[in-house]
Amino acid sequence: MTPKIKIENLNLWYGSFQALKEINAAFLEKRITAIIGPSGCGKSTMLRVFNRMNEMIEGVRTKGNILIDKENILDADTDLVVLRKKVGMVFQRPNPFPLSIYENIVFGPKVHGLNNRYELEQIAEHSLRSVLLWDELKDKLNHFALSLSLEQKQRLCIARLIAVKPDILLMDEPCSTLDPQATSKVEELMRELKNNYTIIIVTHNMQQAARVSDDTGFMLLGELIEFGKTEDIFTKPKDKRTEDYITGRYG
Amino acid sequence: MLVRKLKELIIEKIIFLCGVLSIIFVGLIFLFLLKEGLALFKFISPGGFLFGKSWYPISEPAQLGVLPLILGSLIVTLGAAVISIPIGVGCAVYIAEVAPAKTKEVLKTGIELLAAIPSVVLGFIGMVTLVPWVKNIFHLPTGLTALSGSIMLAFMAMPTIVSIAEDALYSVPKSYKEGALALGATRWQSIYRVMLPAASSGILAAVMLGLGRVIGETMAVMMITGNAAVIPQSILVPVRTLTATIAAEMGEAVVGSEHYFALFAVGIVLFVISFAINVTADLFLHKKR
Ligand SMILES: Nc1ncnc2c1ncn2[C@@H]1O[C@H](COP(=O)(O)OP(=O)(O)OP(=O)(O)O)[C@@H](O)[C@H]1O
Ligand SMILES: [Mg+2]
């Protein structure tokens with residue numbers, strides 16, 4: 001199977017500080033890949049190369065290739081609008097816009113030029129159904145999105161992404177602000193979404209990685225130490241450092 | 001220990017006194033204004049004052065209709081709003097979202113300088129530059145028009161609008177912008193679909209406060225609007241504002257005369273308008289969703 005995303009010799013610097021070092025990995029389609037590792041090891045940075053959000057920060061330099069469907073997205077002539085439509089991102093803190101629930105969901109499609117009301121409504125319904133919010137919110141579409149609960153907000157953010165029909169979902173600690181119950185619901189949602197999307201999730205929580213992911217990558221100080229099937233990483237890690245981390249010796 | 005407590009107590013009392021005094025002063029000023037202004041209605045009816053179409057305070061009998069002055073103030077303010085709101089908000093967006101750090105500093109300093117120019121100086125500059133331009137461009141008999149006043153006042157409203165609107169935009173959480181960009185929005189789309197709506201109450205407050213400054217402005221307006229107390233038919237004719245009327249006529253009005261009381265009544269009208277604007281601005285600033 002050809003990988004959905006292939007990383008070749010990826011390096012990234014924030015000014016003079018190297019945050020990613022010679023990373024090579026392949027991510028398979030319609031699977032959940034978890035990226036784990038201690039705080040500051042470069043997980044978020046890694047995730048943000050896939051949709052090139054790092055470029056908002058001044059002084060960032062990237063070297064290497066990232067092939068998504070065989071196209072190198074780090075090419076200078078990559079259309080960021082097209083890329084970000086294809087590679088969506090869910091943030092750590094749910095960040096719905098201060099607009100109505102409906103406007104939040106149709107934001108993406110509208111930005112990409114869709115104006116047909118009927119179609120937009122269809123998309124809104126479909127997206128909300130995909131994140132299992134439709135029944136809860138179908139009568140509240142005009143309510144202000146910031147009045148939702150934290151979990152609902154995060155689901156809404158996922159729905160907002162689904163509305164632009166991405167291929168790949170990037171999630172940066174999507175559950176770190178949620179309570180355990182909400183977390184397990186969002187995890188359930190991820191498993192469901194796996195049928196249609198390639199998901200990469202960054203998490204601090206090793207149980208979560210073990211629970212939801214098919215593949216896992218372990219990072220340390222900007223390096224990808226080990227990458228493989230989740231069960232292998234957690235049951236028979238090849239690298240001593242991986243073993244130390246998953247057995248809790250790194251904190 | 002005791003000394004420190006005593007010091008605290010004294011400072012506390014002094015601050016309290018300052019607070020109370022300022023309220024008392026405002027109250028006294030307001031009472032005085034009200035007392036003098038309302039005295040006018042011994043001479044003419046409130047309706048005749050508010051809706052009277054001519055202001056000839058020294059003719060015999062005096063005609064004290066304030067409508068031309070209200071309309072004069074409104075047309076100048078409206079003109080200033082039309083000019084300063086788009087430019088001011090645009091400038092705020094540029095400073096907050098687009099400008100590179102260096103340009104930003106230069107622009108902010110420039111705006112502060114603009115705010116520091118005394119209004120009489122602005123009025124003077126307007127008189128020798130703007131007024132002839134307006135006269136020539138529109139082929140008017142005189143360049144002392146409402147339009148000239150509007151343009152001049154737009155310059156005075158702009159610093160307030162820009163700095164408060166920029167603050168409002170700046171305090172919009174970064175995560176909104178990130179979210180929009182991550183969905184494939186362009187920078188411009190993220191600004192006008194997310195940032196501006198998110199900052200809308202602050203921006204409205206900025207506009208109201210800017211306009212509050214405009215409506216209370218006296219010196220520059222008096223110098224360049226022509227001071228003709230007639231109901232304006234267009235923005236290209238001389239007008240007289242509420243403020244200019246008080247400033248120009250207070251010196252010659254005989255204390256205790258009808259005219260004298262009428263000027264205080266004009267003051268009340270002005271007060272009510274400014275107050276309404278400030279309250280609106282406050283509502284927007286403190287609007288909680
Ligand atoms: N804008 C930046 N400028 C400079 N250095 C940065 C910047 N952002 C991150 N870094 C550095 O890059 C390294 C990786 O950061 P990153 O946020 O990717 O870590 P992380 O693994 O996501 O950590 P966490 O688990 O705390 O979220 C850290 O050492 C961090 O200090
Ligand atoms: Mg992180």
Side-chain angles (χ1 to χ4, degrees), chain A residues 44 47-48 50-58 79-100 103-113 127 143-147 153-154 156-166 168-172 177, chain B residues 89 92-108 164-207 281 283-289:
Chain A
S44 300
L47 204 63
R48 292 161 64 98
F50 295 125
N51 63 351
R52 291 183 50 178
M53 284 297 277
N54 281 323
E55 281 166 34
M56 281 174 68
I57 301 162
E58 238 168 279
D79 184 342
L80 288 186
V81 170
V82 174
L83 172 67
R84 287 172 182 168
K85 196 167 169 240
K86 180 166 170 165
V87 185
M89 179 167 234
V90 177
F91 295 82
Q92 182 166 4
R93 301 209 108 264
N95 59 346
F97 303 130
L99 307 169
S100 72
E103 283 300 330
N104 262 278
I105 303 172
V106 299
F107 178 88
K110 274 190 173 172
V111 154
H112 297 298
S127 310
H143 287 212
F144 197 52
L146 302 191
S147 62
K153 280 186 196 165
Q154 195 61 303
L156 180 67
C157 289
I158 299 174
R160 185 172 76 179
L161 264 191
I162 287 174
V164 299
K165 305 198 176 74
I168 299 167
L169 302 182
L170 309 172
M171 302 188 174
D172 193 350
T177 57
Chain B
V89 174
V93 168
Y94 182 72
I95 292 180
E97 288 297 316
V98 187
K102 267 236 179 77
T103 321
K104 198 173 186 159
E105 282 316 305
V106 173
L107 271 174
K108 279 178 119 172
I164 298 179
E166 196 240 320
D167 271 352
L169 281 166
Y170 188 77
S171 56
V172 172
K174 285 270 170 302
S175 64
Y176 292 164
K177 192 162 93 182
E178 277 197 325
L181 292 177
L183 282 167
T186 60
R187 177 147 78 172
W188 167 238
Q189 284 170 327
S190 78
I191 289 173
Y192 89 96
R193 284 183 185 270
V194 177
M195 303 294 285
L196 285 178
S200 60
S201 59
I203 291 175
L204 279 169
V207 165
L283 284 182
F284 284 127
L285 265 185
H286 297 130
K287 188 163 86 175
K288 293 236 165 59
R289 300 254 213 173

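Computation of the quantities below employed the complete heavy-atom set of this structure, encompassing side-chain atoms and omitting hydrogens, waters and symmetry-equivalent molecules. The chains referred to below are lettered A, B, ... by the order of the sequence lines, with proteins before strands, and numbering in each begins at 1.
A side-chain hydrogen bond (donor to acceptor under 3.5 Å, both in side chains) with A:N95 holds for exactly one of A:R160, A:Q154, A:K153; it is A:R160.
Residues of residues 176-187 of chain B lying under 4.5 angstrom from chain A, judged on non-hydrogen atoms, are B:Y176, B:K177, B:E178, B:G179, B:A180, B:L181, B:A182, B:L183, B:G184, B:A185, B:T186 by number. When the heavy atoms of residues 83-92 of chain A are compared with those of chain B, the residues falling under 4.5 Å are A:R84, A:V87, A:M89, A:F91, listed by number.
Using a 4.5 Å cut-off between heavy atoms, A:R48 touches chain B through its side chain atoms alone. Only the side chain of A:L99 comes within less than 4.5 Å of a heavy atom of chain B; its backbone N, CA, C and O stay farther away.
No donor-acceptor pair under 3.5 Å is formed between the side chain of A:N104 and the backbone N or O of A:P96.
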Inset, instruction - Under the side-chain contact (heavy atoms from CB on, under 4.5 Å) rule, what do B:Y192 and B:Q189 come out as? Steps first, then yes or no, please. - result: CA-CA 5 Å; B:Y192 89 96; B:Q189 284 170 327; 4.2 Å; yes
Inset, instruction - Apply side-chain contact (heavy atoms from CB on, under 4.5 Å) to A:M171 and A:I158, showing your working. - result: CA-CA 9 Å; A:M171 302 188 174; A:I158 299 174; 4.3 Å; yes
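The minimum heavy-atom distance linking A:L169 with A:P166 is given by the pair CD2-CG, 3.6 Å. When all heavy atoms of A:L146 and A:F97 are compared, the pair lying nearest together is CD2-O, 4.0 Å.
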Side chains of residues 166-174 of chain B: which donor-acceptor partners sit under 3.5 Å, not counting sequence neighbours?
| from | atom 1 | to | atom 2 | distance (Å) |
| --- | --- | --- | --- | --- |
| B:S171 | OG | B:D167 | O | 3.1 |
| B:S171 | OG | B:A168 | O | 3.1 |

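Between A:E103 and B:R193 there is no salt bridge, since no side-chain nitrogen of the basic residue lies less than 4.0 Å from a carboxylate oxygen of the acidic one.
Proximity of A:F107 to B:V194: side-chain heavy atoms (C-beta onward) are separated by under 4.5 Å at one or more points.
Applying the ring-ring contact (aromatic ring centres under 6.0 Å, His included) test to B:Y94 and every residue at least two apart in sequence or in another chain returns nothing.
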